[in-house]
Undergrad: 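Just dropping this structure here.
Naming convention: chains lettered A, B, ... in sequence-line order (proteins, then strands); numbering from 1 in each chain.
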There are 2 protein chains.
Amino acid sequence: MKYSLSEENYLKAIYHLEKIAATGVATNAIAEQMETKPSSVTDMVKKLSEKDLVNYIKYQGVTLTEKGRKTALTIIRKHRLWEVFLVDKLNFHWDQVHEIAEQLEHIHSEELISRLDKFLGEPDFDPHGDPIPDKHGNIKRTEKKLLSDLDKNQGGVCVGVKESSAEFLQYLDKKKITIGTKIKVLGKEFFDGSMVILVGKDQSFISKKTAENLYVQTN
Amino acid sequence: MKYSLSEENYLKAIYHLEKIAATGVATNAIAEQMETKPSSVTDMVKKLSEKDLVNYIKYQGVTLTEKGRKTALTIIRKHRLWEVFLVDKLNFHWDQVHEIAEQLEHIHSEELISRLDKFLGEPDFDPHGDPIPDKHGNIKRTEKKLLSDLDKNQGGVCVGVKESSAEFLQYLDKKKITIGTKIKVLGKEFFDGSMVILVGKDQSFISKKTAENLYVQTN
DNA sequence: ACAATATTTTAGTCTTATCTAAAATTTAAT
DNA sequence: ATTAAATTTTAGATAAGACTAAAATATTGT
Ligand SMILES: [Mn+2]
Ligand SMILES: [Mn+2]
Ligand SMILES: [Mn+2]
Ligand SMILES: [Mn+2]
(Lines give C-alpha, C1' and ligand atoms only; values in the text may rest on other atoms or scores of the structure.)
(Ligands and ions follow the chains in the order given, each with its own letter.)
Protein backbone atom coordinates (compact mmCIF):
# COMPACT_ATOMS: atom_id res chain seq x y z
CA MET A 1 0.00 0.00 0.00
CA LYS A 2 2.90 2.33 0.64
CA TYR A 3 5.43 2.71 -2.11
CA SER A 4 8.91 4.17 -2.25
CA LEU A 5 9.67 7.58 -3.66
CA SER A 6 11.21 5.94 -6.69
CA GLU A 7 8.31 3.60 -7.31
CA GLU A 8 5.86 6.48 -7.05
CA ASN A 9 7.83 8.55 -9.53
CA TYR A 10 7.92 5.71 -12.02
CA LEU A 11 4.17 5.19 -11.74
CA LYS A 12 3.56 8.87 -12.35
CA ALA A 13 5.86 8.89 -15.35
CA ILE A 14 4.22 5.82 -16.85
CA TYR A 15 0.78 7.33 -16.27
CA HIS A 16 1.68 10.48 -18.18
CA LEU A 17 3.37 8.58 -20.99
CA GLU A 18 0.46 6.17 -21.32
CA LYS A 19 -1.83 9.06 -22.20
CA ILE A 20 0.16 9.85 -25.33
CA ALA A 21 1.45 6.39 -26.29
CA ALA A 22 -0.96 4.28 -28.34
CA THR A 23 0.73 1.02 -27.43
CA GLY A 24 2.58 -0.04 -24.27
CA VAL A 25 4.96 2.56 -22.88
CA ALA A 26 8.53 2.05 -24.12
CA THR A 27 11.44 1.53 -21.77
CA ASN A 28 13.36 4.30 -23.49
CA ALA A 29 10.48 6.73 -23.09
CA ILE A 30 10.34 6.10 -19.38
CA ALA A 31 14.11 6.42 -19.11
CA GLU A 32 14.01 9.81 -20.84
CA GLN A 33 11.15 11.09 -18.70
CA MET A 34 12.84 9.93 -15.50
CA GLU A 35 16.28 11.10 -16.56
CA THR A 36 17.70 7.68 -15.93
CA LYS A 37 19.04 4.77 -18.01
CA PRO A 38 16.94 2.17 -19.82
CA SER A 39 18.56 -0.64 -17.85
CA SER A 40 17.43 0.96 -14.61
CA VAL A 41 13.92 1.21 -16.01
CA THR A 42 13.86 -2.48 -16.85
CA ASP A 43 14.82 -3.32 -13.28
CA MET A 44 12.17 -1.10 -11.77
CA VAL A 45 9.49 -2.19 -14.19
CA LYS A 46 10.06 -5.78 -13.15
CA LYS A 47 9.61 -4.79 -9.54
CA LEU A 48 6.42 -2.86 -10.29
CA SER A 49 5.18 -5.86 -12.20
CA GLU A 50 5.83 -8.11 -9.18
CA LYS A 51 3.70 -5.73 -7.14
CA ASP A 52 0.94 -5.88 -9.72
CA LEU A 53 1.20 -2.18 -10.51
CA VAL A 54 2.08 -2.63 -14.18
CA ASN A 55 1.65 -5.22 -16.91
CA TYR A 56 5.01 -6.01 -18.35
CA ILE A 57 6.02 -8.27 -21.20
CA LYS A 58 9.66 -8.28 -22.19
CA TYR A 59 10.45 -6.06 -25.17
CA GLN A 60 6.81 -4.95 -25.37
CA GLY A 61 6.67 -1.99 -23.03
CA VAL A 62 4.45 -1.54 -19.99
CA THR A 63 0.92 -0.47 -19.15
CA LEU A 64 -0.49 0.38 -15.75
CA THR A 65 -2.80 -2.07 -14.06
CA GLU A 66 -5.94 -0.71 -12.44
CA LYS A 67 -4.06 -0.72 -9.14
CA GLY A 68 -1.14 1.13 -10.73
CA ARG A 69 -3.40 3.70 -12.33
CA LYS A 70 -5.22 4.36 -9.05
CA THR A 71 -1.93 4.76 -7.26
CA ALA A 72 -0.57 7.14 -9.89
CA LEU A 73 -3.73 9.20 -9.63
CA THR A 74 -3.46 9.61 -5.87
CA ILE A 75 0.06 10.92 -6.31
CA ILE A 76 -1.08 13.31 -9.02
CA ARG A 77 -3.95 14.38 -6.77
CA LYS A 78 -1.50 15.18 -4.01
CA HIS A 79 0.84 17.03 -6.36
CA ARG A 80 -1.91 19.27 -7.68
CA LEU A 81 -3.52 19.94 -4.32
CA TRP A 82 -0.17 21.01 -2.93
CA GLU A 83 0.33 23.28 -5.92
CA VAL A 84 -3.00 24.94 -5.15
CA PHE A 85 -1.90 25.37 -1.55
CA LEU A 86 1.38 26.95 -2.56
CA VAL A 87 -0.26 29.42 -4.93
CA ASP A 88 -3.51 30.19 -3.12
CA LYS A 89 -2.26 30.20 0.45
CA LEU A 90 1.45 30.92 0.32
CA ASN A 91 1.26 33.28 -2.66
CA PHE A 92 3.81 31.47 -4.72
CA HIS A 93 3.80 32.27 -8.39
CA TRP A 94 2.58 29.51 -10.72
CA ASP A 95 6.06 29.00 -12.15
CA GLN A 96 7.60 28.28 -8.72
CA VAL A 97 5.46 25.48 -7.38
CA HIS A 98 6.19 22.40 -9.43
CA GLU A 99 9.55 21.49 -7.87
CA ILE A 100 8.22 21.82 -4.34
CA ALA A 101 5.10 19.82 -5.18
CA GLU A 102 7.37 17.09 -6.55
CA GLN A 103 8.56 16.65 -2.99
CA LEU A 104 5.27 17.19 -1.19
CA GLU A 105 3.42 14.66 -3.35
CA HIS A 106 5.31 11.87 -1.58
CA ILE A 107 4.09 12.67 1.93
CA HIS A 108 2.09 9.67 3.10
CA SER A 109 -1.10 10.59 4.96
CA GLU A 110 -4.62 10.20 3.70
CA GLU A 111 -5.95 12.33 6.52
CA LEU A 112 -3.60 15.14 5.58
CA ILE A 113 -4.76 15.20 1.97
CA SER A 114 -8.39 14.97 2.93
CA ARG A 115 -8.04 17.96 5.25
CA LEU A 116 -5.89 19.90 2.82
CA ASP A 117 -8.52 19.36 0.14
CA LYS A 118 -11.22 20.80 2.42
CA PHE A 119 -8.97 23.66 3.52
CA LEU A 120 -8.45 24.64 -0.10
CA GLY A 121 -12.18 24.48 -0.85
CA GLU A 122 -12.05 21.20 -2.77
CA PRO A 123 -10.59 22.73 -5.92
CA ASP A 124 -11.17 21.08 -9.31
CA PHE A 125 -8.08 22.46 -11.02
CA ASP A 126 -4.49 23.21 -10.11
CA PRO A 127 -2.73 26.53 -10.84
CA HIS A 128 -1.83 25.34 -14.35
CA GLY A 129 -5.41 24.40 -15.21
CA ASP A 130 -4.82 20.68 -14.77
CA PRO A 131 -7.72 18.74 -13.23
CA ILE A 132 -7.37 17.41 -9.69
CA PRO A 133 -8.51 13.79 -9.36
CA ASP A 134 -10.91 13.15 -6.47
CA LYS A 135 -10.04 10.66 -3.75
CA HIS A 136 -11.29 7.80 -5.90
CA GLY A 137 -9.16 8.84 -8.85
CA ASN A 138 -11.98 10.32 -10.89
CA ILE A 139 -11.04 13.24 -13.08
CA LYS A 140 -13.51 15.88 -14.12
CA ARG A 141 -13.13 16.03 -17.90
CA THR A 142 -13.69 19.39 -19.56
CA GLU A 143 -13.98 20.60 -23.11
CA LYS A 144 -10.78 22.35 -24.05
CA LYS A 145 -8.86 22.93 -27.24
CA LEU A 146 -5.36 23.94 -28.06
CA LEU A 147 -5.24 27.59 -29.06
CA SER A 148 -3.44 26.44 -32.20
CA ASP A 149 -6.60 24.61 -33.28
CA LEU A 150 -8.75 27.75 -33.28
CA ASP A 151 -9.55 29.54 -36.53
CA LYS A 152 -9.48 33.24 -37.24
CA ASN A 153 -12.09 35.21 -35.26
CA GLN A 154 -12.66 32.35 -32.83
CA GLY A 155 -12.15 33.22 -29.19
CA GLY A 156 -12.11 31.64 -25.77
CA VAL A 157 -10.79 31.68 -22.26
CA CYS A 158 -7.39 30.31 -21.35
CA VAL A 159 -8.02 27.33 -19.08
CA GLY A 160 -4.67 25.64 -18.95
CA VAL A 161 -1.16 25.09 -20.22
CA LYS A 162 0.11 21.92 -21.83
CA GLU A 163 3.71 22.48 -20.98
CA SER A 164 4.31 24.06 -17.58
CA SER A 165 8.01 24.80 -17.38
CA ALA A 166 8.97 27.93 -15.48
CA GLU A 167 10.33 29.43 -18.71
CA PHE A 168 7.07 29.06 -20.57
CA LEU A 169 4.98 30.30 -17.64
CA GLN A 170 7.20 33.35 -17.25
CA TYR A 171 6.90 34.04 -20.95
CA LEU A 172 3.11 33.89 -20.63
CA ASP A 173 3.32 36.43 -17.81
CA LYS A 174 5.18 38.79 -20.10
CA LYS A 175 2.41 38.29 -22.63
CA LYS A 176 -0.18 38.98 -19.88
CA ILE A 177 -1.70 35.54 -20.37
CA THR A 178 -2.80 33.45 -17.42
CA ILE A 179 -5.64 31.10 -16.45
CA GLY A 180 -8.91 32.96 -17.08
CA THR A 181 -7.53 35.37 -19.68
CA LYS A 182 -9.82 36.04 -22.67
CA ILE A 183 -8.15 35.41 -25.99
CA LYS A 184 -9.37 35.92 -29.54
CA VAL A 185 -7.61 34.90 -32.74
CA LEU A 186 -7.26 37.93 -35.00
CA GLY A 187 -5.05 36.32 -37.57
CA LYS A 188 -3.34 33.03 -38.28
CA GLU A 189 -0.35 32.65 -40.59
CA PHE A 190 -0.44 29.46 -42.62
CA PHE A 191 3.27 29.58 -43.36
CA ASP A 192 4.48 29.05 -39.77
CA GLY A 193 1.33 28.72 -37.69
CA SER A 194 2.00 31.95 -35.83
CA MET A 195 -0.93 34.01 -34.64
CA VAL A 196 -1.97 37.55 -33.90
CA ILE A 197 -4.31 37.38 -30.93
CA LEU A 198 -6.27 39.73 -28.76
CA VAL A 199 -5.32 39.42 -25.09
CA GLY A 200 -7.82 41.44 -23.11
CA LYS A 201 -7.69 44.74 -25.03
CA ASP A 202 -4.19 44.39 -26.46
CA GLN A 203 -2.91 42.73 -29.57
CA SER A 204 -0.14 40.20 -29.27
CA PHE A 205 1.94 38.02 -31.55
CA ILE A 206 2.59 34.40 -30.61
CA SER A 207 4.42 31.53 -32.28
CA LYS A 208 2.89 28.21 -33.26
CA LYS A 209 4.81 26.55 -30.43
CA THR A 210 3.20 28.85 -27.90
CA ALA A 211 -0.26 28.35 -29.39
CA GLU A 212 0.23 24.59 -29.18
CA ASN A 213 0.82 24.77 -25.47
CA LEU A 214 -2.17 26.86 -24.45
CA TYR A 215 -5.57 25.35 -23.74
CA VAL A 216 -8.69 27.44 -24.29
CA GLN A 217 -12.37 26.90 -23.75
CA THR A 218 -14.26 28.26 -26.73
CA ASN A 219 -17.44 30.21 -26.29
CA MET B 1 24.14 21.88 2.00
CA LYS B 2 21.44 19.32 1.31
CA TYR B 3 21.41 16.21 3.41
CA SER B 4 19.66 12.88 3.11
CA LEU B 5 16.62 11.95 5.13
CA SER B 6 18.73 9.62 7.20
CA GLU B 7 21.45 12.18 7.87
CA GLU B 8 18.85 14.74 8.91
CA ASN B 9 17.21 12.32 11.31
CA TYR B 10 20.52 11.47 12.92
CA LEU B 11 21.37 15.16 13.37
CA LYS B 12 18.03 15.79 15.00
CA ALA B 13 18.44 12.81 17.32
CA ILE B 14 21.92 13.88 18.33
CA TYR B 15 20.70 17.43 18.93
CA HIS B 16 18.00 16.26 21.32
CA LEU B 17 20.32 13.84 23.12
CA GLU B 18 23.04 16.46 23.49
CA LYS B 19 20.70 18.62 25.54
CA ILE B 20 20.45 15.97 28.24
CA ALA B 21 23.87 14.30 27.97
CA ALA B 22 26.63 16.01 29.93
CA THR B 23 29.42 14.47 27.87
CA GLY B 24 29.49 13.34 24.22
CA VAL B 25 26.40 11.52 23.02
CA ALA B 26 26.80 7.74 23.25
CA THR B 27 26.44 5.46 20.26
CA ASN B 28 23.95 3.33 22.15
CA ALA B 29 21.84 6.34 23.04
CA ILE B 30 21.59 7.36 19.40
CA ALA B 31 20.79 3.79 18.39
CA GLU B 32 17.96 3.63 20.88
CA GLN B 33 16.53 7.00 19.85
CA MET B 34 16.72 6.10 16.17
CA GLU B 35 15.45 2.56 16.71
CA THR B 36 18.45 1.15 14.92
CA LYS B 37 21.58 -0.81 15.82
CA PRO B 38 24.74 0.65 17.34
CA SER B 39 26.83 -0.58 14.41
CA SER B 40 24.65 1.40 12.02
CA VAL B 41 25.13 4.46 14.19
CA THR B 42 28.90 4.12 14.06
CA ASP B 43 28.79 4.03 10.27
CA MET B 44 26.58 7.10 10.02
CA VAL B 45 28.49 9.04 12.62
CA LYS B 46 31.66 8.56 10.60
CA LYS B 47 29.92 9.94 7.56
CA LEU B 48 28.57 12.94 9.47
CA SER B 49 32.05 13.53 10.79
CA GLU B 50 33.45 13.53 7.25
CA LYS B 51 30.93 16.22 6.40
CA ASP B 52 31.95 18.25 9.43
CA LEU B 53 28.54 17.97 11.05
CA VAL B 54 29.73 16.19 14.20
CA ASN B 55 32.91 15.80 16.21
CA TYR B 56 33.66 12.16 16.60
CA ILE B 57 36.39 10.37 18.48
CA LYS B 58 36.23 6.60 18.60
CA TYR B 59 34.67 5.24 21.75
CA GLN B 60 34.07 8.76 23.04
CA GLY B 61 30.67 9.60 21.61
CA VAL B 62 29.76 12.53 19.38
CA THR B 63 28.93 16.20 19.67
CA LEU B 64 27.44 18.45 17.01
CA THR B 65 29.67 21.00 15.33
CA GLU B 66 28.30 24.50 14.87
CA LYS B 67 27.37 23.50 11.33
CA GLY B 68 25.64 20.37 12.62
CA ARG B 69 23.74 22.28 15.30
CA LYS B 70 22.54 24.88 12.78
CA THR B 71 21.40 22.14 10.45
CA ALA B 72 19.56 20.29 13.21
CA LEU B 73 17.84 23.53 14.20
CA THR B 74 16.54 24.22 10.70
CA ILE B 75 15.00 20.75 10.64
CA ILE B 76 13.43 21.29 14.05
CA ARG B 77 12.18 24.68 12.84
CA LYS B 78 10.52 23.03 9.87
CA HIS B 79 9.03 20.27 12.02
CA ARG B 80 7.45 22.70 14.43
CA LEU B 81 6.20 25.13 11.81
CA TRP B 82 4.48 22.28 9.99
CA GLU B 83 2.93 21.16 13.28
CA VAL B 84 1.49 24.64 13.71
CA PHE B 85 0.14 24.50 10.18
CA LEU B 86 -1.50 21.14 10.77
CA VAL B 87 -3.18 22.26 13.98
CA ASP B 88 -4.00 25.89 13.21
CA LYS B 89 -4.97 25.56 9.56
CA LEU B 90 -6.01 21.97 9.02
CA ASN B 91 -7.59 21.55 12.47
CA PHE B 92 -5.64 18.45 13.36
CA HIS B 93 -5.58 17.60 17.01
CA TRP B 94 -2.22 18.09 18.79
CA ASP B 95 -1.76 14.35 19.23
CA GLN B 96 -2.03 13.66 15.47
CA VAL B 97 0.60 15.93 14.00
CA HIS B 98 3.98 14.57 15.00
CA GLU B 99 4.15 11.66 12.55
CA ILE B 100 3.16 13.83 9.62
CA ALA B 101 5.61 16.55 10.63
CA GLU B 102 8.32 13.89 10.72
CA GLN B 103 7.82 13.61 6.98
CA LEU B 104 7.23 17.26 6.18
CA GLU B 105 10.36 18.40 8.01
CA HIS B 106 12.45 16.88 5.22
CA ILE B 107 11.01 18.98 2.39
CA HIS B 108 13.85 21.05 0.99
CA SER B 109 12.87 24.65 0.22
CA GLU B 110 13.91 27.73 2.10
CA GLU B 111 11.34 29.82 0.29
CA LEU B 112 8.60 27.43 1.34
CA ILE B 113 9.47 27.65 5.00
CA SER B 114 9.86 31.40 4.87
CA ARG B 115 6.40 31.78 3.34
CA LEU B 116 4.85 29.17 5.62
CA ASP B 117 6.25 31.04 8.61
CA LYS B 118 4.61 34.29 7.46
CA PHE B 119 1.37 32.51 6.59
CA LEU B 120 1.20 31.16 10.14
CA GLY B 121 1.92 34.57 11.67
CA GLU B 122 5.52 33.82 12.62
CA PRO B 123 4.60 31.70 15.62
CA ASP B 124 7.04 31.36 18.52
CA PHE B 125 5.76 28.00 19.77
CA ASP B 126 4.46 24.79 18.31
CA PRO B 127 1.23 23.05 19.39
CA HIS B 128 3.08 21.28 22.20
CA GLY B 129 4.58 24.47 23.59
CA ASP B 130 8.03 23.85 22.11
CA PRO B 131 9.84 26.94 20.85
CA ILE B 132 10.28 27.41 17.10
CA PRO B 133 13.84 28.43 16.16
CA ASP B 134 14.05 31.44 13.84
CA LYS B 135 15.73 31.14 10.46
CA HIS B 136 19.13 31.69 12.06
CA GLY B 137 18.59 28.94 14.60
CA ASN B 138 17.90 31.26 17.54
CA ILE B 139 15.49 29.95 20.10
CA LYS B 140 13.40 32.20 22.30
CA ARG B 141 14.07 30.91 25.80
CA THR B 142 11.27 31.20 28.33
CA GLU B 143 10.92 30.65 32.02
CA LYS B 144 9.14 27.43 32.60
CA LYS B 145 9.08 24.82 35.31
CA LEU B 146 7.94 21.26 35.55
CA LEU B 147 4.63 21.06 37.37
CA SER B 148 6.28 18.49 39.63
CA ASP B 149 8.62 21.20 40.91
CA LEU B 150 5.80 23.43 42.17
CA ASP B 151 4.88 23.48 45.85
CA LYS B 152 1.45 23.38 47.39
CA ASN B 153 -0.65 26.47 46.62
CA GLN B 154 1.63 27.53 43.77
CA GLY B 155 -0.09 27.95 40.42
CA GLY B 156 0.66 28.68 36.82
CA VAL B 157 -0.32 28.28 33.22
CA CYS B 158 0.45 25.13 31.26
CA VAL B 159 2.89 26.18 28.53
CA GLY B 160 4.15 22.88 27.21
CA VAL B 161 4.62 19.15 27.50
CA LYS B 162 7.92 17.38 27.93
CA GLU B 163 6.82 14.12 26.45
CA SER B 164 4.45 14.47 23.52
CA SER B 165 3.31 10.97 22.65
CA ALA B 166 -0.25 10.64 21.42
CA GLU B 167 -1.10 8.59 24.51
CA PHE B 168 0.03 11.28 26.93
CA LEU B 169 -1.66 14.06 24.96
CA GLN B 170 -4.92 12.13 24.84
CA TYR B 171 -4.70 11.55 28.56
CA LEU B 172 -4.25 15.30 29.09
CA ASP B 173 -7.36 15.91 27.00
CA LYS B 174 -9.32 13.64 29.30
CA LYS B 175 -7.98 15.69 32.19
CA LYS B 176 -9.01 18.89 30.37
CA ILE B 177 -5.43 20.10 30.34
CA THR B 178 -3.96 21.81 27.29
CA ILE B 179 -1.62 24.68 26.45
CA GLY B 180 -2.95 27.77 28.22
CA THR B 181 -4.82 25.89 30.95
CA LYS B 182 -4.54 27.43 34.44
CA ILE B 183 -3.35 24.97 37.04
CA LYS B 184 -2.93 25.30 40.81
CA VAL B 185 -1.37 22.78 43.15
CA LEU B 186 -3.83 22.00 45.95
CA GLY B 187 -1.89 19.18 47.47
CA LYS B 188 1.26 17.19 46.96
CA GLU B 189 1.86 13.72 48.36
CA PHE B 190 5.44 13.18 49.52
CA PHE B 191 5.12 9.41 49.38
CA ASP B 192 4.69 9.07 45.62
CA GLY B 193 4.84 12.64 44.29
CA SER B 194 1.23 12.57 43.17
CA MET B 195 -0.76 15.79 43.23
CA VAL B 196 -4.23 17.13 43.62
CA ILE B 197 -4.52 20.12 41.34
CA LEU B 198 -7.10 22.66 40.31
CA VAL B 199 -7.71 22.62 36.55
CA GLY B 200 -9.88 25.59 35.76
CA LYS B 201 -12.66 25.11 38.34
CA ASP B 202 -12.32 21.39 38.80
CA GLN B 203 -10.15 19.30 41.03
CA SER B 204 -8.04 16.61 39.51
CA PHE B 205 -5.62 13.95 40.66
CA ILE B 206 -2.42 13.37 38.72
CA SER B 207 0.58 11.07 39.15
CA LYS B 208 4.17 12.14 39.61
CA LYS B 209 4.93 10.93 36.11
CA THR B 210 2.30 13.21 34.66
CA ALA B 211 3.48 16.18 36.72
CA GLU B 212 7.01 15.58 35.50
CA ASN B 213 5.93 15.94 31.89
CA LEU B 214 3.99 19.18 32.15
CA TYR B 215 5.63 22.58 31.87
CA VAL B 216 4.04 25.54 33.61
CA GLN B 217 4.79 29.22 33.80
CA THR B 218 4.36 30.37 37.36
CA ASN B 219 2.66 33.65 38.17
C1' DA C 1 44.63 -5.52 39.96
C1' DC C 2 42.03 -8.26 37.27
C1' DA C 3 38.17 -10.67 35.79
C1' DA C 4 33.43 -9.95 34.25
C1' DT C 5 30.33 -7.02 31.87
C1' DA C 6 28.91 -3.45 28.89
C1' DT C 7 29.83 -0.55 25.07
C1' DT C 8 31.64 0.38 20.69
C1' DT C 9 33.82 -0.70 16.47
C1' DT C 10 35.01 -3.70 12.57
C1' DA C 11 34.22 -7.10 9.02
C1' DG C 12 31.26 -8.98 6.08
C1' DT C 13 26.40 -9.42 4.16
C1' DC C 14 21.94 -7.61 2.36
C1' DT C 15 18.54 -4.56 -0.11
C1' DT C 16 17.34 -0.74 -3.06
C1' DA C 17 18.30 1.91 -6.76
C1' DT C 18 21.54 3.24 -9.74
C1' DC C 19 25.21 2.63 -13.54
C1' DT C 20 28.24 0.58 -17.70
C1' DA C 21 29.18 -2.84 -21.01
C1' DA C 22 27.74 -6.66 -23.48
C1' DA C 23 24.17 -9.71 -25.29
C1' DA C 24 19.51 -10.39 -27.08
C1' DT C 25 15.68 -8.87 -29.60
C1' DT C 26 13.02 -5.91 -32.48
C1' DT C 27 12.60 -2.53 -36.17
C1' DA C 28 14.18 -0.28 -40.29
C1' DA C 29 16.79 -0.12 -44.64
C1' DT C 30 18.49 -1.97 -48.66
C1' DA D 1 15.50 -11.72 -47.10
C1' DT D 2 19.46 -10.12 -45.15
C1' DT D 3 21.88 -6.70 -43.06
C1' DA D 4 22.23 -2.56 -40.32
C1' DA D 5 20.52 0.14 -36.65
C1' DA D 6 17.90 0.98 -32.69
C1' DT D 7 15.86 -0.74 -28.58
C1' DT D 8 15.68 -3.59 -24.66
C1' DT D 9 17.46 -6.85 -21.44
C1' DT D 10 21.10 -9.17 -18.78
C1' DA D 11 25.29 -9.41 -16.14
C1' DG D 12 28.13 -7.43 -13.10
C1' DA D 13 29.60 -3.24 -10.28
C1' DT D 14 28.77 0.62 -7.08
C1' DA D 15 26.90 3.52 -3.25
C1' DA D 16 23.82 4.35 0.74
C1' DG D 17 22.02 2.54 4.62
C1' DA D 18 20.93 -1.08 7.38
C1' DC D 19 21.99 -5.76 9.77
C1' DT D 20 24.63 -9.84 12.37
C1' DA D 21 28.53 -11.75 14.43
C1' DA D 22 32.93 -11.15 16.11
C1' DA D 23 36.73 -8.30 17.81
C1' DA D 24 38.34 -4.29 20.37
C1' DT D 25 37.94 -1.11 23.99
C1' DA D 26 36.04 0.80 28.21
C1' DT D 27 33.71 0.33 32.60
C1' DT D 28 32.48 -2.06 36.81
C1' DG D 29 32.75 -5.13 40.73
C1' DT D 30 35.44 -7.56 43.83
MN1 LIG E 1 3.45 20.28 -11.29
MN1 LIG F 1 0.39 21.65 -12.13
MN1 LIG G 1 6.74 16.68 16.87
MN1 LIG H 1 5.95 19.48 18.67
Side-chain angles (χ1 to χ4, degrees), chain A residues 1-14 17-18 20-64 68 71-72 75 102-103 105-106 108, chain B residues 1-14 17-18 20-64 68 71-72 75 102-103 105-106 108:
Chain A
M1 323 285 131
K2 223 163 107 185
Y3 304 103
S4 75
L5 187 118
S6 208
E7 290 169 331
E8 292 191 347
N9 282 333
Y10 272 94
L11 288 176
K12 211 171 34 129
I14 295 167
L17 290 167
E18 210 174 37
I20 48 180
T23 166
V25 179
T27 303
N28 263 358
I30 301 171
E32 195 175 350
Q33 177 94 0
M34 301 282 301
E35 296 183 12
T36 184
K37 304 290 169 183
S39 55
S40 306
V41 173
T42 302
D43 285 346
M44 179 57 86
V45 149
K46 280 180 186 167
K47 200 166 53 139
L48 295 176
S49 176
E50 286 301 311
K51 298 189 179 183
D52 198 34
L53 292 163
V54 302
N55 303 117
Y56 170 59
I57 309 166
K58 268 194 205 178
Y59 294 102
Q60 310 257 125
V62 294
T63 54
L64 291 174
T71 307
I75 301 160
E102 284 292 307
Q103 295 181 61
E105 73 189 5
H106 301 291
H108 293 290
Chain B
M1 318 283 133
K2 222 163 109 185
Y3 304 103
S4 75
L5 187 119
S6 207
E7 290 170 330
E8 291 190 348
N9 282 334
Y10 271 94
L11 288 176
K12 212 170 36 128
I14 296 167
L17 290 167
E18 211 173 36
I20 46 178
T23 167
V25 179
T27 303
N28 264 357
I30 300 172
E32 195 176 349
Q33 176 93 3
M34 301 280 301
E35 296 184 7
T36 185
K37 303 290 168 182
S39 54
S40 307
V41 173
T42 302
D43 285 346
M44 179 55 87
V45 147
K46 280 180 185 166
K47 200 166 56 137
L48 295 176
S49 176
E50 285 301 310
K51 298 191 179 181
D52 199 33
L53 293 163
V54 302
N55 304 116
Y56 169 60
I57 310 166
K58 266 192 205 180
Y59 293 101
Q60 309 259 123
V62 294
T63 54
L64 291 174
T71 306
I75 302 160
E102 284 291 307
Q103 296 181 61
E105 72 188 4
H106 301 291
H108 293 290

Undergrad: Output the residues of residues 6-14 of chain B in contact with DNA chain D, where contact means a heavy atom of the residue under 4.0 Å from an atom of the strand; sort by number or write none.
TA: B:Ser6, B:Tyr10
Undergrad: Between atom CE in B:Met44 and atom C1' in C:dT8, what is the gap in whole Å?
TA: 17 Å
Undergrad: What is the separation between atom CD1 on B:Ile57 and atom P on D:dA26, rounded to the nearest whole Å?
TA: 12 Å
Undergrad: Only one of B:Leu53, B:Asn55, B:Val62 passes side chain to side chain contact (heavy atoms under 4.5 Å, CB included) with B:Val45; say which it is.
TA: B:Val62
Undergrad: Can you see if the side chain of B:Lys58 gets near the phosphate of D:dA24 - specifically, an N or O under 4.0 Å from OP1 or OP2?
TA: no
Undergrad: Of the listed nucleotides (D:dT20, C:dT18, C:dT10), which one gets closest to any side-chain atom of B:Lys46?
TA: C:dT10
Undergrad: Rounded to the Å, how far apart are B:Leu5 CG and C:dT16 P?
TA: 17 Å
Undergrad: How would you label the contact of B:Thr36 with the nucleic acid (heavy atoms, under 4.0 Å): base, sugar-phosphate, or nothing?
TA: sugar-phosphate
Undergrad: On DNA chain C, compare the nucleotides closest to B:Gly61 and A:Asp43; which residue's is nearer the 5' end?
TA: B:Gly61
Undergrad: Is the backbone of B:Gly24 close enough, under 3.5 Å, to the side chain of B:Glu18 for a donor and an acceptor to pair up by distance?
TA: no
Undergrad: Distance check needed: C:dT7 P versus B:Lys37 NZ, whole Å only.
TA: 14 Å
Undergrad: Tell me which residues in residues 28-35 of chain A put a heavy atom below 4.0 Å from DNA chain D, sorted by number, or none.
TA: A:Asn28
Undergrad: Which atom pair, heavy atoms only, marks the closest approach of B:Pro38 to B:Thr27?
TA: O-CG2, 3.5 Å
Undergrad: What I want to check is whether an N or O donor and acceptor connect the side chain of A:Ser39 with the base of C:dT20 at under 3.5 Å.
TA: yes
Undergrad: Side chains of A:Tyr10 and A:Ser40: closer than 4.5 Å at any heavy-atom pair?
TA: yes
Undergrad: Choosing from C:dA24, D:dA24, D:dA18, which nucleotide comes nearest the side chain of A:Tyr59?
TA: C:dA24
Undergrad: Does atom CD (A:Glu102) have a neighbourhood of more than 12 heavy atoms from anything else shown, all under 6.0 Å?
TA: yes
Undergrad: To the nearest Å, give me how far apart CD (B:Gln60) and C1' (D:dT25) are.
TA: 11 Å
Undergrad: Choosing from C:dT8, D:dT8, D:dC19, which nucleotide comes nearest the side chain of A:Ala26?
TA: D:dT8
Undergrad: Under 4.0 Å between any heavy atoms, over every strand shown, what does A:Thr27 touch: base, sugar-phosphate, or nothing? Just pick one.
TA: sugar-phosphate
Undergrad: Within the 4.5 Å heavy-atom criterion, are A:Lys12 and A:Glu105 side-chain neighbours or not?
TA: yes
Undergrad: Do A:Thr63 and A:Val54 make a side-chain contact, defined as non-hydrogen atoms from C-beta onward lying under 4.5 Å apart?
TA: no
Undergrad: Please name the pair of heavy atoms, one in B:Ala13 and one in B:Met34, separated by the smallest distance, quoted to 0.1 Å.
TA: CB-SD, 3.6 Å
Undergrad: Rounded to the nearest angstrom, tell me the gap between atom NZ in B:Lys51 and atom P in D:dA15.
TA: 14 Å
Undergrad: How close do A:Tyr56 and A:Lys46 get, heavy atom to heavy atom, and via which atoms?
TA: CE2-CG, 3.9 Å
Undergrad: What's the closest nucleotide to the A:Ser40 side chain, out of C:dA24, D:dA18, C:dC19?
TA: C:dC19
Undergrad: Should B:Glu7 and B:Thr71 count as side-chain neighbours, where that means a heavy-atom distance under 4.5 Å?
TA: no
